[in-house]
Undergrad: 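I'd like to ask you about the structure that follows.
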Amino acid sequence: MTVRVRFAPSPTGFLHVGGARTALYNWLWARKNEGGVMILRIEDTDAERSTDESIAQILDSLRWLGIDWDEGPFFQSRRADIYTAALKRLIASGHAYRAFETPEELEEMRATAMAEGRDPVYDRRSLNLDEATVQRYLEEKRPYVWRFKVPEGETVVPETLLGDAEGCRFENARLGDFALTRSGTDDEWGLPLYNFCCAVDDADMSITHVIRGSDHLTNTARQMMVLNALGAPIPTYTHLPLILKAGKKMSKRDGDADPRFPVSVSARRDRGYLPEATMNFIALLGWSLDDKAEFFSRQELIEAFTLEGLSKSNANFDEDKYLHMNAWYLRNLPREDVTARVRKVLDEAGYKTAEHDAQWIDTIIGHVIERCRLLTEFPAAVSYFFKAPEAFEEKGVKKIFKGDAAPLLREAAAVIEGLSPFDAATLEAALRALAEERGVGFGKIAQPVRLSVTGTMASPGLFDVLIGVGQQESAARMRRAAELIEKNAVPTFS
RNA sequence: GACCCCUUCGUCUAGGCUGGUCUAGGACGGCGCCCUUUCACGGCGUAAACACGGGUUCAAAUCCCGUAGGGGUCACCA
């Protein structure tokens, strides 16, 4: 049997990491199985909340992650005929009936049921309406919804992950006669609702495996009842544990409130996360291969992925681990690949990398690469290679720009200026010689030099920095720093 | 509240189906050491968990029951 899966987002906001993981697992399952088909279905039956902008952003995020699809995107909003036909079949077979209650009546019904300790489900009052009353209501043009008449007994959701050997069981009556459509009249059919469309589409698209968040578990029982009523085959279901944020379900409503920890995929991209790291990290939130494997390329993920490897319990989103993984990819992806992406970020930050020697750009990126965890950290990290620091780290100035730092800097500048060739070995020998000559440890020279050239106390190896900055420029910066120290006018930042 | 689901280090997890090889392994984070001109990277080491209570068994993290805790769902949203 060919595997057919779908990712079915509702375009009511951006794609968040939970949705991305659902998409990923479906995609992996399709790609892993010979001939597997990934379908993208946009569940936009809620015209009020669905937006074109969301659709664009969701597709964009999926593409960025490298998750592609074989069929679709299909839009439920354009499949009205299919749902109408299915509804007619349900009506004809006695599985659907009109319900005339107003929202207020339903609200009251729920409140009463709760107060009496019953389940807050629809009490079927319209089901028991006699024919004459129904006719009268219709003539009065009273709006109504079509409700699904749940059968007696129970529904056992065939679950690959949760529940017991058979799956998860639900008592149909407790699920209630849910609405299939929004309210309308005979002149104008009400628009179909989620549980109905979803079931119809899963059948219509011959979906074999439904992989989605476990927040849908109770919906699945409803959808199965519709599938059964339609005589459609039942796919197997896999309800994924949820990704928790601060212990609670991660939702679009959380938004990107905290800019440091956004939940949307696009905001993560903007923050400087790599798609490779994102995919890898997300894959491991609820799935694992064994007790060793951590890093998976796209292809390795496809090969390793199994439904058995899924975890049953909810997972917390660990920012540190995500960051760590991103840093790993920065260091381990092919260098030219990373360089290209970093150049883009640098250009966006105004560095105009095309105006510099490509080899030089690549070299300085190499110098800071293991000090950056996000693409967005690069502009600040390479700043002193492009321009002299305007201010110096306050802590460093206090600690290092003191004593005989200024004369030492002037001497070091003179040494550096006269060097030929200007390479790491020569530089090191000369600077060490100077330290020895002055009877100080190498750090006494290295630290002021670093601070004067970069403005900070932390940097890549000193010789790399000096070579990257350039012979004359380095010497000039050191002299300028000496001057500032002597005038006691070093501009600082903290 | 009702229903459903889940429960191994702070976090993500391996192991659980097929009880003994688990004095519970890995990773992130923490701490310490090494490398070292700083910061990183890297290396080494270390603290840290089977929710609790009963069973079953020669033997339970693994099987059963109960309790507790957590999560999800209870729309004419998806």
Side-chain angles (χ1 to χ4, degrees), chain A residues 8-12 43-46 48-50 76 99 101-103 106-107 110 113-114 117-121 143-147 157 159 161-163 165 168-171 174-176 178-184 190-191 193-195 197-198 213-219 221 239 241-242 244 247-249 252 281 284-295 308-309 311-325 327 331 368-373 381 396 400 428 431-432 435 441-447 449-451 454 456-463 465:
Chain A
S10 70
T12 55
E43 311 222 320
D44 56 350
T45 55
D46 187 343
E48 298 279 306
R49 299 199 302 144
S50 299
Q76 291 186 324
E101 292 72 27
T102 63
L106 293 172
E107 189 44 53
R110 268 190 290 273
M114 288 283 237
R118 288 180 287 114
D119 289 320
V121 295
Y144 63 84
V145 302
W146 286 98
R147 280 187 182 275
V157 175
E159 239 294 336
L161 232 204
L162 274 20
C168 301
R169 80 191 45 235
F170 295 89
E171 233 178 284
R174 309 196 73 123
L175 261 15
F178 54 94
L180 297 168
T181 63
R182 291 178 168 79
S183 71
L191 270 9
L193 253 9
Y194 168 71
N195 279 122
C197 295
C198 188
S214 63
D215 49 342
H216 281 292
L217 193 51
T218 47
N219 283 330
H239 289 93
L242 267 16
L244 268 28
K248 294 283 179 194
K249 178 185 172 186
K252 294 173 193 169
F281 174 69
L284 257 18
L285 270 179
W287 175 85
S288 63
L289 174 64
D290 54 29
D291 62 339
K292 291 283 186 295
E294 298 177 68
F295 297 103
E308 288 73 34
S311 159
K312 288 170 183 286
S313 47
N314 296 342
N316 279 283
F317 194 89
D318 185 348
E319 292 291 341
D320 284 330
K321 201 158 189 168
Y322 188 10
L323 216 42
H324 171 263
M325 192 157 267
R331 279 181 266 116
V368 299
I369 204 163
E370 54 195 35
R371 292 165 177 79
C372 293
R373 296 190 293 180
I400 295 163
E428 176 158 17
L431 254 20
R432 282 197 189 279
F442 182 62
K444 278 280 182 239
I445 301 265
Q447 288 295 66
V449 170
R450 168 178 293 107
L451 184 58
T454 69
T456 68
M457 296 201 299
S459 83
L462 188 63
F463 314 123
V465 168

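Throughout, protein chains are lettered first and strands after them, A, B, ... in sequence-line order, and every chain is numbered starting at 1.
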Undergrad: With a 4.5 Å cut-off on side-chain heavy atoms, are Lys312(A) and Leu161(A) touching?
TA: yes
Undergrad: Can you tell me how far CZ of Arg110(A) sits from CD of Glu107(A), rounded to the nearest 0.5 angstrom?
TA: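 Reported to 0.5 Å precision, the distance equals 5.0 Å.
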Undergrad: Answer with base, sugar-phosphate or nothing: what part of the nucleic acid does Thr456(A) contact at a heavy-atom distance below 4.0 Å?
TA: nothing
Undergrad: For Glu48(A), I'd like to know if atom CD has over 12 heavy atoms of other residues, nucleotides or ligands within 6.0 Å.
TA: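 Check fails, neighbour count at 12 or below.
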Undergrad: Expressed as a whole number of Å, how far does the C1' atom of A78(B) sit from that of G72(B)?
TA: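 The answer is 15 Å between these two C1' atoms.
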Undergrad: When the distance from CZ of Phe178(A) to C1' of C77(B) is rounded to whole Å, what number comes out?
TA: 15 Å
Undergrad: If the C1' atom of U8(B) is compared with that of C3(B), how far apart are they to the nearest Å?
TA: 28 Å
Undergrad: Categorize Asp44(A) for me: base, sugar-phosphate, or nothing, with a 4.0 angstrom heavy-atom threshold over every strand shown.
TA: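 Nothing, no heavy atom under 4.0 Å.
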Undergrad: If you assign Ser459(A) and Arg147(A) each to the RNA chain B nucleotide with the nearest heavy atom, which residue ends up on the more 5' nucleotide?
TA: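 Looking at RNA chain B, the more 5' nearest nucleotide goes with Ser459(A).
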Undergrad: Across all strands shown, which nucleotide pairs with U38(B) by Watson-Crick or G-U wobble geometry, both distances under 3.5 Å?
TA: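 Pair assignment: U38(B) / none.
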Undergrad: Is Leu106(A) touching bases, backbone alone, or none of the nucleic acid, heavy atoms closer than 4.0 Å?
TA: base
Undergrad: If you compare all heavy atoms of Arg182(A) against all heavy atoms of Val145(A), which two are closest, and at what distance to 0.1 Å?
TA: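 The answer is C-CG1, 3.8 Å.
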Undergrad: Whole Å only: how far is the CH2 atom of Trp146(A) from the P atom of A75(B)?
TA: 22 Å
Undergrad: Measuring from atom OH of Tyr194(A) to atom OG1 of Thr45(A), what distance do you get when rounded to the nearest 0.5 angstrom?
TA: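 Here the rounded value is 9.5 Å.
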Undergrad: Which parts of nucleotides 31-36 of chain B does protein reach within less than 4.0 Å, heavy atoms only, written one letter per nucleotide 5' to 3' as B for base, S for sugar-phosphate only and - for none?
TA: ------
Undergrad: Measure the CG-NZ distance between Asn316(A) and Lys321(A) for me, rounded to the nearest 0.5 Å.
TA: 12.5 Å
Undergrad: Tell me the partner of C44(B), counting only Watson-Crick (N1-N3 plus N6-O4 or O6-N4) or G-U wobble (N1-O2 and O6-N3) with both under 3.5 Å; none if nothing fits.
TA: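 Partner of C44(B): G32(B).
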Undergrad: Specify the separation, in whole Å, of atom CG of Asn195(A) and atom C1' of A78(B).
TA: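 To the nearest whole Å, that distance equals 9 Å.
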Undergrad: Would Asp46(A) and Ser10(A) count as a side-chain contact (heavy atoms from CB on, under 4.5 Å) if you check the C-alpha gap in whole Å, the side-chain angles of each, and the deciding distance to 0.1 Å?
TA: CA-CA 9 Å; Asp46(A) 187 343; Ser10(A) 70; over 6 Å; no
Undergrad: From the list G72(B), C28(B), C76(B), which nucleotide is the closest neighbour of the side chain of Lys249(A)?
TA: G72(B)
Undergrad: Distance check, rounded to the nearest 0.5 Å: Asn314(A) atom CG versus Leu242(A) atom CG?
TA: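 Result: 5.0 Å between the selected atoms.
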Undergrad: Got a donor-acceptor contact below 3.5 angstrom from the Glu159(A) side chain to the His239(A) backbone?
TA: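 Between the backbone of His239(A) and the side chain of Glu159(A) there is a qualifying donor-acceptor contact (under 3.5 Å).
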Undergrad: When you check every protein heavy atom under 4.0 Å of nucleotides 4-13 of chain B, what one-letter string (B, S, -) results, 5' to 3'?
TA: SSSS---BBS
Undergrad: Base, sugar-phosphate alone, or nothing: which one does Arg118(A) contact when heavy atoms must sit under 4.0 Å apart?
TA: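 Nothing, no nucleic acid heavy atom in range.
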Undergrad: If I pick the P atom on G71(B) and the same atom on C12(B), what distance separates them, to the nearest angstrom?
TA: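 Rounded to whole Å, the distance is 13 Å.
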Undergrad: What is the distance, to the nearest angstrom, from the CZ atom on Arg110(A) to the C1' atom on G1(B)?
TA: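 The answer, rounded to whole Å, is 16 Å.
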Undergrad: So which nucleotide does C52(B) pair with, by the Watson-Crick or G-U wobble rule with both distances under 3.5 Å?
TA: G66(B)
Undergrad: Base, sugar-phosphate or nothing for Pro460(A)? Non-hydrogen atoms, less than 4.0 Å.
TA: base
Undergrad: In terms of side-chain heavy atoms of Arg450(A), which of C76(B), C77(B), U38(B) is nearest?
TA: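 Taking heavy atoms from C-beta onward, the closest nucleotide is U38(B).
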Undergrad: By nearest nucleotide on RNA chain B, pick out whichever of Ala446(A) and Cys372(A) is the more 5' one.
TA: Ala446(A)
Undergrad: Using modelled atom types and a 3.5 Å cut-off, is there a donor and acceptor pairing between side-chain atoms of Asp44(A) and backbone atoms of Gln76(A)?
TA: yes
Undergrad: Tell me whether the side-chain N/O atoms of Arg182(A) come closer than 4.0 Å to OP1 or OP2 in A78(B).
TA: yes
Undergrad: What integer distance in Å separates Ile400(A):CD1 from U37(B):P?
TA: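 Roughly 15 Å, once rounded to whole Å.
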Undergrad: In whole Å, I'd like the distance from the NE2 atom of His216(A) to the P atom of C3(B).
TA: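 Between P of C3(B) and NE2 of His216(A): 23 Å.
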Undergrad: Return the value, rounded to whole Å, for the distance between atom OH of Tyr322(A) and atom C1' of G29(B).
TA: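 Checked: the OH to C1' distance equals 18 Å.
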Undergrad: G70(B) and C58(B): how far apart are their P atoms, nearest whole angstrom?
TA: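 It works out to 38 Å between them.
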Undergrad: With rounding to the closest Å, how many angstrom separate the C1' atoms on U13(B) and A49(B)?
TA: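 Nearest-Å result for U13(B) against A49(B) at atom C1': 12 Å.
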Undergrad: So what does Arg174(A) hit on the nucleic acid, given a heavy-atom distance under 4.0 Å: a base, only sugar-phosphate, or nothing?
TA: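 Sugar-phosphate only.
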Undergrad: Using the C1' atom on both, measure C65(B) against U21(B) and round to a whole Å.
TA: 29 Å
Undergrad: What nucleotide among C76(B), A78(B), A27(B) has an atom nearest to a side-chain atom of His324(A)?
TA: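 So the nucleotide nearest the side chain must be A27(B).
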Undergrad: Under 3.5 Å, is there any donor-acceptor pair linking the side chain of Arg331(A) to the base of C41(B)?
TA: no
Undergrad: Side chain of Thr181(A), backbone of Trp146(A): donor and acceptor closer than 3.5 Å?
TA: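 Indeed, once roles are kept as given, a pair shorter than 3.5 Å links the two residues.
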Undergrad: Say you pick atom C1' in U57(B) and the same atom in G19(B); how far apart are they, in whole Å?
TA: 9 Å
Undergrad: I need the minimum non-hydrogen distance between Lys249(A) and Asp215(A), along with the two atoms involved.
TA: NZ-OD2, 3.1 Å
Undergrad: Suppose we define a pair by two distances each less than 3.5 Å, Watson-Crick or G-U wobble; what does C3(B) pair with here?
TA: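 G72(B) is the nucleotide pairing with C3(B).
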Undergrad: At under 4.0 Å between heavy atoms, what does Glu101(A) touch on the DNA or RNA strands: base, sugar-phosphate, or nothing?
TA: base
Undergrad: Checking all strands, does His239(A) fall into the base, sugar-phosphate, or nothing category for heavy-atom contacts under 4.0 angstrom?
TA: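 Counting heavy atoms under 4.0 Å across all strands, no contact is made by His239(A).
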Undergrad: If you compare all heavy atoms of Ala381(A) against all heavy atoms of Val368(A), which two are closest, and at what distance to 0.1 Å?
TA: O-CG1, 3.6 Å
Undergrad: How far does the P atom of A59(B) sit from the matching atom of G20(B), given to the nearest Å?
TA: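 Pairwise P distance, A59(B) against G20(B), rounds to 14 Å.
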Undergrad: Any strand counts, and the cut-off is 3.5 Å on both contacts for Watson-Crick or G-U wobble. Which nucleotide pairs with G20(B)?
TA: C58(B)
Undergrad: Could you check how far CD of Glu428(A) sits from P of U38(B), rounded to whole Å?
TA: 12 Å
